[in-house]
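We count ligands from 1, going down the list as the structure has it; atoms in each ligand are counted the same way. Note that the coordinates shown come from a computational prediction; the quantities given were computed from them, not determined experimentally.
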Amino acid sequence: MRSIAFTNQKGGVGKTTSTINVGAGLCLQGKKVLLVDLDPQANLTYSLRMNSQRIEKTIYDVLKGTTPLEEALINHNGFDILPSSIDLSGAEMEFANEPARETLLKHSLSSLEEYDYVLIDCPPNLGLLTLNALTAVNEIFIVLQSEYLALHGLSKLMDVIKVVQQRLNSEIEISGIICTLFDGRKNLNNEVVGHIKDYFGPKVFDTIIRDNISLAEAPSHHKTIFEYAPESHGAKDYMSLAKEIKNGS
Ligand SMILES: Nc1ncnc2c1ncn2[C@@H]1O[C@H](COP(=O)(O)OP(=O)(O)OP(=O)(O)O)[C@@H](O)[C@H]1O
Ligand SMILES: [Mg+2]
């Protein structure tokens, strides 16, 4: 089982879009996939759940230990989702004094064996929830927007990863860099991807995710890109990325 956190404390860089569509792409290739929504904004959950589908229990109940993980799962056309909700926004404070506060997610996911991939969508900060993700996984993907300042602030994320490696999870490594929202017409975007490759070398996936309107539209239809616009650039890019990820295992 590969467990992967999609991270970047910067907001709006494509973490949620990538978690959903990499997961859906892996699912279409026959893999068993669980998507974990670890963000109190619950964007992943609301991007996929059908309106008629009520959410009874969420990751908040699971982390609290009041609901077994299996009871909170919802299914979306072949893959599973551990949903989130605004309830999670108090978690950082609520769990702050628990001795095992950084390992709550690891503990919650420990009984899972049936999945090939567990993909975690992190919130845009380096707080307790992100620490829980980094402690629970064996791989980290950093999601970067191909724009000016893409690498700005990254040293903070690197510091946190180092601390987690030393204190909580010696297994983790950054195993992939995803460049998103790429507009090839802009010289700047090409330049930025060049800088990202200089910095991270071969960890940068060959597939660059292009700026594609269908990717922005799909969530409002509660669909993955493969369901919403299977012929779009977005679908092609995320399928190509999912294949790269699968072959790199
Ligand atoms: N390749 C793309 N082309 C066009 N729009 C995109 C693309 N990727 C993401 N978007 C849109 O950009 C916005 C931000 O993307 P997303 O929610 O995935 O980022 P995020 O990093 O998860 O944000 P947050 O930090 O707030 O959780 C969303 O409206 C999304 O639909
Ligand atoms: Mg998000």
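Within the 2.8 Å limit, Thr16 places at least one N, O or S atom next to the Mg ion (ligand 2).
Under the side-chain hydrogen bond (donor to acceptor under 3.5 Å, both in side chains) criterion, Glu94 pairs with Tyr60, not counting sequence neighbours. Residues satisfying the ring-ring contact (aromatic ring centres under 6.0 Å, His included) test with Phe79, not counting sequence neighbours, are His76.
Inter-residue side-chain proximity for His221 and Glu227 is flagged as unmet; no heavy-atom pair is nearer than 4.5 Å.
Separating the CG atom in Leu82 from the CG atom in Leu35 is a distance of 10.0 Å, to the nearest 0.5 Å. Put simply, CG on Leu109 and CG on Leu63 are 8.5 Å apart, with the number rounded to the nearest 0.5 Å.
Within 4.0 Å of ligand 1, protein heavy atoms belong to Lys10, Gly11, Gly12, Val13, Gly14, Lys15, Thr16, Thr17, Asp39, Gln41, Pro124, Leu181, Ile209, Arg210, Asp211, Asn212, Leu215, Ala216, listed by chain and number.
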Would you list the atom pairs, donor with acceptor, under 3.5 Å between side chains in residues 207-216 and any protein atom, with sequence neighbours excluded?
| from | atom 1 | to | atom 2 | distance (Å) |
| --- | --- | --- | --- | --- |
| Thr207 | OG1 | Ser240 | OG | 2.7 |
| Thr207 | OG1 | Glu244 | OE1 | 2.7 |
| Arg210 | NE | Asp237 | OD1 | 3.3 |
| Arg210 | NE | Asp237 | OD2 | 3.0 |
| Arg210 | NH1 | His233 | ND1 | 3.2 |
| Arg210 | NH2 | His233 | ND1 | 3.4 |
| Arg210 | NH2 | Asp237 | OD1 | 2.8 |
| Asn212 | OD1 | Gly234 | N | 3.2 |

